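One structure is given here, and the rest of the page talks about it.
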There are 2 protein chains.
Amino acid sequence: MKKIITVSREYGSGGRDIAKMVADQLGYAFYDGAIINTVAEMTGLNPDYIKKNGENTRRSHFFTYGLGMNFNGLSLPDYLWQKQRELILYIAQKGNCVLVGRCADYILRERDDCLNVFIHADMESRKKRAIEVYGDPKDNIDKLLKDKDKTRKTNYRYYTDQIWGEARNYHVTLDSSLFGDEVCADIIVDLAKK
Amino acid sequence: MKKIITVSREYGSGGRDIAKMVADQLGYAFYDGAIINTVAEMTGLNPDYIKKNGENTRRSHFFTYGLGMNFNGLSLPDYLWQKQRELILYIAQKGNCVLVGRCADYILRERDDCLNVFIHADMESRKKRAIEVYGDPKDNIDKLLKDKDKTRKTNYRYYTDQIWGEARNYHVTLDSSLFGDEVCADIIVDLAKK
């Protein structure tokens with residue numbers, strides 16, 4: 001039985017929703033973007049600011065260095081990364097949980113009780129979900145998805161020296177556009193129980 | 001129900017064995033390296049020669065161009081690729097089957113009845129299987145696996161312009177070293193039936 005499930009996901013793939021279903025089915029704690037509020041408390045920074053920069057470290061890296069800002073001798077993105085990392089290690093120690101994004105698979109790589117998952121989907125399904133479920137503007141959707149992919153890929157590479165979305169970094173990857181959210185959740189739950 | 005299952009795999013991951021189990025469970029025809037004998041019949045080339053060059057097109061590309069050889073105006077690897085491609089399209093048309101390797105996922109990308117799978121495993125398990133099951137020499141195993149990965153990656157990139165082992169190219173990817181061959185086969189069979 002795996003105690004910790006990390007879910008990395010393409011924007012618009014439904015990875016977060018699938019992760020939530022898994023947490024509900026297993027009775028595990030669930031951590032997604034709301035983790036930011038805790039990081040905000042730890043750092044005194046504005047949650048919106050962290051949200052913007054917590055998964056887009058390269059851009060803000062450049063930005064804060066440009067302004068000559070630093071936090072405990074670190075750039076803001078490196079400081080945020082350190083705080084998020086501390087929090088994820090603490091959460092994982094507390095007990096059974098599902099963690100969405102934030103390089104949790106890499107941060108917890110020394111543990112042998114993690115199941116690392118990656119969820120992706122074809123472009124049409126991602127666009128549809130982004131527009132219809134997340135409410136993203138239709139006329140700019142191609143650029144939005146491209147930017148999101150680039151940001152996540154760059155950020156993951158910067159902190160983990162691994163390639164985001166490469167199968168060998170994850171125990172299982174699934175195409176939610178072929179199988180649907182429920183089937184993906186069921187498979188993850190089954191595998192977590194092995 | 002998916003009619004065709006393509007299985008790409010890291011050397012030593014057991015992908016071929018898993019593919020065989022899936023074919024047996026579903027009652028599907030199974031095509032792996034033995035496809036080479038048919039390509040040999042089609043081309044009049046030696047099966048051993050095709051085996052060496054059929055998934056290592058870059059090396060032999062250089063080699064045959066260097067010698068100024070060509071087949072129907074193509075380099076040997078491009079000619080082999082064309083023949084393998086024809087054969088895979090023919091096999092897929094015949095009916096339900098499991099196909100191992102040879103960029104079948106890419107060759108059949110226009111069809112909507114394929115389930116594309118990628119099997120990988122951690123390095124220790126791959127070494128163990130290569131030595132104990134395939135009988136590869138122990139003292140050279142690291143280099144052997146590295147070379148196999150490089151060859152498959154380069155070959156896949158050359159003919160498909162996609163990245164070998166990138167999650168988004170496959171509907172499902174699985175780490176056989178965590179789950180074991182049987183569990184992987186069961187999951188693939190389940191997904192094929194959806």
Side-chain angles (χ1 to χ4, degrees), chain A residues 1-2 4-13 15 105 109 111-126 145-146 149 152-153 156 162-194, chain B residues 1-2 4-13 15 105 109 111-126 145-146 149 152-153 156 162-194:
Chain A
M1 188 81 193
K2 297 291 178 188
I4 297 162
I5 298 164
T6 72
V7 179
S8 308
R9 74 293 178 223
E10 287 183 338
Y11 187 79
S13 70
D105 54 309
R109 69 194 178 283
R111 300 184 65 126
D112 61 1
D113 53 0
C114 292
L115 178 71
N116 298 323
V117 180
F118 183 80
I119 304 290
H120 60 101
D122 65 32
M123 209 38 105
E124 282 315 302
S125 310
R126 293 175 62 195
L145 290 183
K146 207 177 156 188
D149 285 346
R152 288 186 183 175
K153 196 165 196 158
Y156 190 79
Q162 294 181 162
I163 295 169
W164 183 71
E166 190 175 48
R168 69 179 80 188
N169 296 336
Y170 311 95
H171 299 119
V172 56
T173 79
L174 293 162
D175 179 343
S176 63
S177 47
L178 183 65
F179 305 124
D181 294 1
E182 287 75 15
V183 169
C184 291
D186 289 347
I187 289 169
I188 297 165
V189 167
D190 276 356
L191 289 174
K193 287 180 178 168
K194 303 281 182 198
Chain B
M1 188 83 192
K2 296 291 178 187
I4 297 162
I5 299 165
T6 73
V7 179
S8 308
R9 72 294 178 219
E10 287 184 337
Y11 187 78
S13 70
D105 54 310
R109 67 192 177 284
R111 298 184 65 123
D112 60 2
D113 53 359
C114 292
L115 178 71
N116 298 324
V117 180
F118 182 79
I119 304 290
H120 60 101
D122 66 33
M123 210 35 109
E124 282 316 303
S125 311
R126 293 175 61 196
L145 289 183
K146 207 178 155 186
D149 285 346
R152 289 185 183 176
K153 196 165 195 157
Y156 190 79
Q162 295 182 164
I163 295 170
W164 183 70
E166 190 175 49
R168 70 178 80 187
N169 297 336
Y170 311 97
H171 298 120
V172 56
T173 80
L174 292 161
D175 179 344
S176 63
S177 49
L178 182 66
F179 305 124
D181 294 2
E182 286 75 16
V183 168
C184 290
D186 290 346
I187 289 169
I188 296 165
V189 167
D190 276 355
L191 289 175
K193 288 180 179 167
K194 302 284 181 197

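As the structure is a computational prediction, the values presented were derived from the model and not from experiment. Each chain gets a letter, A, B and so on, in the order its sequence line appears, and its residues count up from 1.
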Checklist entry - Going from NZ on B:K153 to CD1 on B:I163, what distance comes out if it is rounded to the nearest 0.5 angstrom? => result 7.0 Å
Next on the checklist: Which atoms of A:L115 are under 4.5 Å from chain B, going by heavy atoms: the side chain, the backbone, both sets, or neither?
Outcome noted: side chain
Item to check | chain B contact via A:V183 - side chain, backbone, both or neither, heavy atoms under 4.5 Å | outcome: side chain
Checklist outcome for this item: Among A:E166, A:K194, A:H171, the residue with the most heavy-atom pairs under 4.5 Å to chain B is A:H171
Next on the checklist: We want to know whether B:N116 and B:T6 form a side-chain donor-acceptor pair, criterion being a heavy-atom distance below 3.5 angstrom.
Outcome noted: yes
Item to check | A:R152 vs A:R9, side-chain contact (heavy atoms from CB on, under 4.5 Å): CA-CA, chis, key distance, verdict | outcome: CA-CA 9 Å; A:R152 288 186 183 175; A:R9 74 293 178 223; 3.4 Å; yes
Next on the checklist: Counting C-beta onward and ignoring hydrogens, is there a side-chain heavy-atom pair between A:F118 and A:N169 closer than 4.5 Å?
Outcome noted: no
Checklist entry - Are A:D186 and B:D190 close enough that some pair of their side-chain heavy atoms sits under 4.5 Å apart? => result no
Item to check | Option in A:A121, A:G165, A:S13 with maximal non-hydrogen atom pairs under 4.5 Å from chain B | outcome: A:G165
Checklist entry - Which one of B:L178, B:D175, B:T173 has the most heavy-atom pairs closer than 4.5 Å to chain A? => result B:T173
Checklist entry - Side chain, backbone, both or neither: which part of A:I187 has a non-hydrogen atom closer than 4.5 Å to chain B? => result side chain
